[in-house]
Amino acid sequence: MLQDLLTARKAAFKDYTELRAQVNATQRVTLLSGNMTANDQNATGGVSARVYKGGTFGFASAAAYNAESVGNVLTAATDNALFMQKNVNKGLAPLPNITGQKVGLKTTPHEPVNQALLIDFTKTLDALIVRECKNLTSRTVVAHCLDIEKLLVAADGADSHWFQPRAMVYVMMTAETPDGDQVELMKPLGGFGRFDQLFTDPAAWLPEVNKLYEQLMDKREGVFANAGLQKCILHPDLAGMLAHEAIGHTVEADLVLGGSVAAHNLNKPVASELIDMIDFAHTAFGEPVPLPVYVDDEGVPAEDVNLIEKGVLKSFMHNRDSARHFGVKPQGNARAFTFSDEPLIRMRNTVILPGKDKLEDMIASIDDGYFLIKTGNGQADATGEFMFSVDLSYEIKNGKLGKAIRETTMSGVAFDLLKTVDKVSDDMAWDLAGFCGKKQAMTVSCGGPALRCDVNLGGR
Amino acid sequence: MKDIAAYALDAMLKAGADKASCQAAQGRKDELNVEANKFTLLRTLFNDSLSLKVLKGGRKGTTTINKLDRESVDKAVADCVALAAQGEPDEAEDIAPLAANKDFDARIGGFDADKLFSRSKEYLEQLKDEFPLIMLEGMTAEFNSENKTYANSNGVLFNTQSEHYNAGSSFVAKDGEKSSSFNYYYSNLAGLNTPFIDLGITRTLLDESIRSLNPRMFDGKHVGKVIVTPACADMLWYTLVECFLNDFSMIQGTSRWKDALDTKVVSDKLTMRSAPLHPAIVGGERFTPDGFESVNTDLIKDGVLKSFALSLYAANKTGKPRAGNASWWNVEIAPGDAALDDLIKGVDKGILINRFSGASPGPSGDVSGVAKNSFLIENGQVSDALVETMVSFNLVDALNNIVGISKETNTDGYAVLPWVCLDGVTISGK
């Protein structure tokens with residue numbers, strides 16, 4: 001556990017200052033068609049300081065974490081802030097003070113689990129795949145743990161000590177189609193928690209593996225989508241990606257200031273009245289969210305951000321500086337991934353809220369369309385234009401699921417798509433499998449219900 | 001660094017490793033940041049790293065930490081040896097044999113903070129004067145220095161001291177409530193002699209963003225020609241390596257070219273090298289992570305597959321030759337003999353594509369996605385900017401349908417690329 005070498009420095013802060021000590025520890029085992037191509041254990045940690053003077057920041061970090069290096073990064077960050085003040089001189093007043101109570105650990109940090117647990121699990125699961133899933137071209141099983149511990153002291157606001165364990169197993173399968181092409185599917189398993197608590201029995205995950213295999217065999221016999229605008233049901237997994245990538249990024253205040261189309265849409269309708277969207281801080285629907293954030297990396301107590309209410313854009317996400325620019329209160333979206341990263345405006349747990357419709361009724365309501373289930377990757381633009389790969393989808397014919405679809409893509413303008421939503425399912429799914437990329441990587445979660453809407457599909 | 005690497009190597013062998021390798025590095029990054037056309041931050045990172053690999057009975061363990069003190073090194077060595085003991089034996093695991101040990105010096109005279117700031121400020125002022133509709137989502141201008149040593153138990157010892165600058169921005173054009181798609185351009189630099197706005201195709205991309213404020217949809221569906229600019233390297237060259245040439249696709253056995261070495265795989269107009277030692281590449285790799293001195297490598301020569309992009313492990317695993325370097329993003333495409341203007345004149349109906357937002361293609365090489373920052377070509381002339389325009393093609397088929405390659409090339413310090421005209425690409429509007 002990180003020793004507190006930071007609090008004692010607080011009394012000497014002259015300007016707005018943050019001090020952060022952090023360790024990111026990872027473990028990974030990769031079995032590629034039975035070959036152990038990775039057996040790694042990594043730890044990256046250190047201390048950083050950020051100092052604000054007159055409208056700009058100075059930042060410095062060092063890998064060593066001791067009294068001397070804490071002093072050194074404070075000095076270097078102050079020197080950088082002075083350099084910027086001298087050369088830029090925005091002449092802005094100090095950042096507004098934030099009030100907050102110190103938040104201690106909610107989850108106890110732990111040492112890396114025994115690597116043998118990851119190795120045994122991947123080997124056993126791989127053997128089960130070999131036994132259960134015939135005619136695969138290749139199979140990959142990856143066990144991955146990421147544990148992040150942070151200790152934060154800020155000039156004002158809330159000091160904090162935070163630990164986030166995440167354990168995942170990724171299963172990927174490839175199979176040859178009758179015409180000689182290769183198709184593949186991937187399934188992430190796991191989430192917040194320790195590997196030895198989430199992954200006790202490989203056989204318990206066999207239903208998920210078998211389902212993935214069945215879907216791959218469907219896709220192997222799949223057809224190509226009809227390109228163009230189609231009536232579709234987005235599976236909750238895909239709705240979560242839409243919430244994060246296509247909408248969430250456009251309402252991050254730094255991107256708003258940088259030219260996002262959302263800049264001119266505050267308090268205007270941007271979606272169907274059925275759409276409510278929230279970036280949750282730590283609790284949703286009475287339960288802890290997959291990635292609880294109690295205090296951000298600027299010492300701001302984290303609160304939920306109501307982004308869209310009944311289709312109307314209500315808020316952007318902020319750090320201290322952008323909140324001052326827009327004259328609003330920051331709500332805890334400034335986050336840094338490693339000790340040497342500066343806090344950026346990031347999402348936390350971004351969700352489209354469930355509605356009242358039943359998924360089966362939504363599928364039954366479509367005569368000719370598609371059920372889009374899994375997405376591989378996706379990108380969005382300042383204009384709200386987005387593109388997601390769709391790795392798994394099915395035709396809907398006369399209200400029933402038909403043939404699987406080979407690889408396709410969905411694209412469009414996020415706010416235009418949201419305006420076509422006319423049914424929202426009463427259930428939802430969370431996704432904590434991936435990383436968001438925006439200068440730095442970041443763990444985020446997203447989620448949503450199934451949506452019925454008009455989608456532009458790619459085809460051959 | 002050599003002392004630390006030698007200590008760690010000795011400790012791994014004393015702890016029972018049959019073979020071991022170590023890479024130790026210490027560096028510094030100074031980075032200026034701009035958001036929304038305003039300076040926001042100066043960041044200094046003091047970086048250390050230590051990567052260890054232990055082989056014991058053919059079992060591998062690898063550990064990476066960012067500490068270089070004796071206590072941390074001792075713990076990392078113990079962890080790495082323990083990992084190897086738990087691993088699976090694999091005859092393909094090995095370390096590089098002893099060849100000629102070398103020291104490399106790629107320093108450029110140290111950090112000039114005032115010059116970096118003045119070049120950055122100049123860029124913002126030139127944008128304001130010449131491209132007032134451009135809004136920077138972000139800009140970074142940085143100086144990187146590193147002292148890195150690789151050593152292994154076969155006696156291999158390499159050291160490199162390197163320095164380079166990097167500068168660039170991501171930007172949109174904004175006019176009232178209208179915004180263009182974002183675009184970006186970053187360069188690795190060996191010095192600060194050139195104003196940032198004059199680097200590579202920066203001016204062209206800024207101008208094209210402004211011209212993209214009033215885009216139109218592509219009408220219908222058309223199978224025809226596209227001209228891929230050097231700004232769009234990921235759509236063709238990086239995808240090609242990932243689909244057909246790298247460790248993963250070859251060990252998986254899904255590469256369509258797994259048995260195609262020394263056979264013609266694409267148009268004979270294409271020669272593609274992985275070239276970290278090319279004079280236009282800044283800060284290129286001098287030795288590989290598995291301990292070989294880096295050399296430039298022809299991946300495809302005159303359409304014939306000459307090398308995969310394989311590490312030592314993947315080469316041993318597949319029985320194919322190891323690549324001469326591990327820097328396949330330092331790609332050099334040999335220029336052709338056509339002027340860019342003539343390539344454009346040869347397109348009756350098609351598009352000029354500057355950025356591609358697409359899915360990672362599967363092993364089939366089928367590529368599909370949105371043509372971003374792209375323009376219609378009609379009757380041999382570039383005309384309107386496009387929006388919501390999809391392109392789809394098979395990568396192998398497209399590279400067998402190369403119409404022409406420009407004699408002009410662009411370099412950003414990472415790659416040296418011409419403009420390439422492909423035929424048989426499906427272009428469709430909404």
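Below, read A as the first sequence line, B as the second, and so on, with proteins coming before strands; counting in each chain starts at 1.
- Counted by atom type alone, B:S357 and A:Q379 present one or more donor-acceptor pairs between their side chains at under 3.5 Å.
- Proximity of a side-chain donor or acceptor of A:D181 to a complementary backbone N or O of B:S364 within less than 3.5 Å is not detected.
- When the candidates A:N39, A:T56, A:N265, A:D120 are compared by the number of heavy-atom contacts under 4.5 Å with chain B, A:N39 comes out ahead.
- Options B:S180, B:G138, B:G369, B:G253 differ in how many heavy-atom pairs under 4.5 Å they form with chain A, and the most are formed by B:S180.
- With no hydrogens or angles considered, a side-chain donor-acceptor pair links A:K439 and B:N33 at under 3.5 Å.
- By the 4.5 Å heavy-atom criterion applied to side chains, B:E388 and A:V413 are counted as neighbours.
- Partner of B:E137 under the side chain to side chain contact (heavy atoms under 4.5 Å, CB included) criterion, out of A:L257, A:L255, A:D254: A:L255 alone.
- In this structure, no portion of A:N24 lies under 4.5 Å from any heavy atom of chain B.
- Looking only at heavy-atom pairs under 4.5 Å with chain B, the residue among A:S340, A:A77, A:G46 that has the most is A:S340.
- Residues A:M36 and B:K60 are not in side-chain contact: their nearest non-hydrogen atoms beyond the backbone lie 4.5 Å or more apart.
- By the 4.5 Å heavy-atom criterion applied to side chains, B:S181 and A:E385 are counted as neighbours.
- Minimum heavy-atom separation, B:Q252 to A:T140: NE2-OG1, 4.2 Å.
- Classification of B:K53 and A:D40 as a salt-bridged pair fails, no side-chain N sitting under 4.0 Å from a carboxylate O.
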Show your working on side-chain contact (heavy atoms from CB on, under 4.5 Å) between A:M84 and B:L32 and close with a plain yes or no.
CA-CA 9 Å; A:M84 294 297 277; B:L32 274 166; 3.6 Å; yes
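- Proximity of A:D321 to B:E35: side-chain heavy atoms (C-beta onward) are nowhere separated by under 4.5 Å.
- Side chains of A:N80 and B:T44: a donor on one and an acceptor on the other come within 3.5 Å.
- Of all heavy-atom pairs between B:V172 and A:G258, the closest is CG2-O, 3.4 Å.
- Counting heavy-atom pairs under 4.5 Å between each of A:T37, A:V261, A:N87, A:T26 and chain B puts A:N87 at the top.
- Only the side chain of A:T174 comes within contact range of chain B, judged by heavy atoms closer than 4.5 Å.
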